[in-house]
Amino acid sequence: MKNYSKAALLAATLLSASGLSAADGGVTVEHLGTNNTLVRVNGDSRYVIMPVQESNDDAKVNVLVDGKLERVMYVRLAKSKVDYTVPFDLTPYKGREVVFNIVTTQNRSSVREAKEDACWSNFALADTFDTANREKYRPLYHHTPLYGWMNDPNGMFYKDGVWHLYYQWNPYGSKWQNMTWGHSTSKDLVNWEHHGAAIEPDGLGAVFSGSCAIDKENSAGFGKDAVLAMYTSADVSQIQSLAHSGDNGATFTKYPGNPTLTLESEARDPNMFWNPETKLWTMVLAHALDHEMLVFTSPDMKEWTLQSAFGKGLGCQDGVWECPDLFRLPVEGTGEEKWMLICNINPGGPFGGSAAQYFIGDFDGKTFKPDTDADGKVPTKWLDYGKDNYASVSWSDAPEGRRAIIGWMSNWQYAAEVPTTQFRSANTLPRDVSLFRGADGQVYASTAPSPEVNALRGKPVVSAKGVSLGRKAKAYSLPKENDGVCEIELTLNPKEAKTVAMTLSNAEGNHVLMTYDPAAGTFSMDRRESGIVNFSQEFPAVTTAPVYGTGKELTLRIFIDRSSIEVFGNGGRFAMTNLVFPDAPYSSLSLASEGGQAKASLKIYPVLVK
Ligand code: FRU
């Protein structure tokens with residue numbers, strides 16, 4: 001037991017009699033009732049540090065500045081133990097009186113009971129917040145938030161040599177809440193700088209997903225080349241709001257006339273672009289529960305006219321439609337151009353939960369007309385054949401006509417349960433989209449790792465050509481540094497083999513089995529014994545992709561980054577993204593074939609980041 005002085009004990013008794021708790025680390029705690037407590041900030045430190053216990057319910061934290069309600073956040077304040085802490089930045093309120101008026105929801109029999117909560121003695125003030133990585137599953141070369149929860153990437157644009165990535169972020173905990181646009185930037189799409197919050201919740205609600213574009217014509221009146229952001233303000237309703245930035249997306253000013261668009265039903269994730277042909281802004285909005293996308297146009301980003309609705313009864317209808325994107329691309333090897341409409345869907349993905357479907361067709365500025373197959377039906381197409389690529393959308397204004405996309409590397413089925421704490425969720429590798437015509441006459445999207453990713457390759461640790469594969473597996477070691485993060489480049493010629501098996505494994509007995517079945521034209525990945533899988537019954541899974549073959553030879557690029565495996569086949573004609581949580585990093589790749597001999601060439605590159 002600590003050695004308290006008599007005076008301290010007396011002070012503590014007096015404080016407790018008055019409902020006050022001992023000031024700890026610069027805050028004073030005053031209990032007003034069984035579920036209501038004031039935390040007063042004394043002094044001018046940079047942060048209030050809030051203690052979180054993930055299994056607890058959210059407390060409503062009203063932040064009062066000079067007696068006025070400044071903002072509200074929901075934080076799982078600790079009851080019996082502190083899992084981790086989160087910072088609230090006091091910088092904007094320097095020299096002013098800051099008080100947190102906190103309302104908890106737990107059942108209490110008395111104030112005395114409420115006082116015992118672990119959080120009260122763990123509120124503190126600090127000038128720094130340690131964001132050094134504490135997670136073995138944090139990827140090395142994929143984008144992650146420094147701390148807190150992340151879902152959809154959104155609002156991405158490219159300007160003056162910089163790729164801007166915003167994301168759905170909870171700065172106050174590692175589960176979904178307090179949706180804010182976090183902001184990161186990169187000059188090469190793989191090394192990211194973190195800038196914290198760019199657009200924060202307000203009286204209209206949390207800041208859900210949306211998009212950004214550069215106003216080259218000053219059509220909205222916020223200045224030529226202003227960055228415009230459209231997002232969903234989400235509270236009881238979902239309405240669309242506008243914000244603009246004159247400093248290249250570092251800070252945004254919200255349009256005082258918000259909301260700019262309201263509907264009576266759930267609609268979200270506005271994705272807009274300037275259409276030079278119609279000289280109008282064009283926005284696709286997810287009419288989530290109606291399983292369709294709405295197309296609006298506007299001359300100025302403020303007045304919107306509904307032009308059409310797309311999708312009722314088409315594609316996969318098994319979940320809400322979210323996070324759309326619409327753009328035009330050339331079809332490889334033809335003089336043709338086609339429009340691609342991405343419609344993320346949750347649940348209803350090919351392997352359960354969240355996934356990204358897309359449609360190819362034509363767009364006349366008002367209406368999207370999908371291509372049909374030989375039977376006159378609109379085929380369902382998937383961007384990725386793993387379980388962990390959701391909310392894929394593209395960067396606007398990317399250079400050289402590029403269409404680079406990135407997805408949230410998780411699945412709503414279990415994203416909040418994955419075994420990390422300091423942060424939850426990473427993004428996929430950036431991918432460049434192109435279109436190709438398949439053997440069935442349909443146009444498909446190919447998603448290959450963006451060329452910037454090639455710069456991550458170190459000197460290969462394995463380089464083998466024309467290796468004969470049979471039943472007896474041949475094993476290759478993965479790089480030792482950085483927990484074996486790597487890229488594997490493989491060319492498989494199955495010859496007479498029925499299947500070719502590629503197995504990642506470690507000394508703990510965890511393994512991931514990937515199988516190429518040339519006759520079926522499929523590639524599959526089995527993560528049922530990949531490591532920790534029991535946090536959700538939806539996690540153990542086998543995922544299978546069509547190979548869209550180029551003959552029987554299959555080329556693969558397989559990226560491993562601590563807790564993810566991404567596979568790109570035949571130059572991106574299929575992609576498969578799956579999370580894994582091995583007990584120890586995978587240390588070996590073994591190759592074997594069944595039913596006959598196959599040939600393989602492979603290189604294993606360590607991944608080096610700056
Ligand atoms: C998709 C989504 C979006 C919404 C956001 C909220 O994952 O549900 O529709 O804007 O997440 O964080």
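First listed ligand is number 1; within each ligand, the first listed atom is number 1.
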Should Asn578 and Ser564 be marked as a side-chain hydrogen bond (donor to acceptor under 3.5 Å, both in side chains) after you check the CA-CA gap, both sets of side-chain angles, and the distance that decides it? CA-CA 6 Å; Asn578 282 318; Ser564 63; over 6 Å; no
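- Salt bridge Asp432/Arg402: present, at least one basic N to carboxylate O contact under 4.0 Å.
- For ligand 1, the 4.0 Å heavy-atom shell contains residues Asn151, Asp152, Gln168, Trp176, Met179, Phe208, Ser209, Arg268, Asp269, Glu322, Cys323, Tyr390, Trp412.
- Each of Phe157, Trp192, Trp395 was evaluated against Trp163; a single residue qualifies, Trp395, per the ring pair (Phe, Tyr, Trp, His ring centres under 6.0 Å) test.
- Between Lys377 and Asp371 there is no salt bridge, since none of the side-chain N atoms of the basic residue sits less than 4.0 Å from a carboxylate O of the acidic one.
- Relative to the ring axis of Phe222, Lys302 places its NZ or CZ within 45° and under 6.0 Å from the centre.
- Judged by distance alone, the side chain of Asp300 and the main-chain N or O of Glu303 form a donor-acceptor pair under 3.5 Å.
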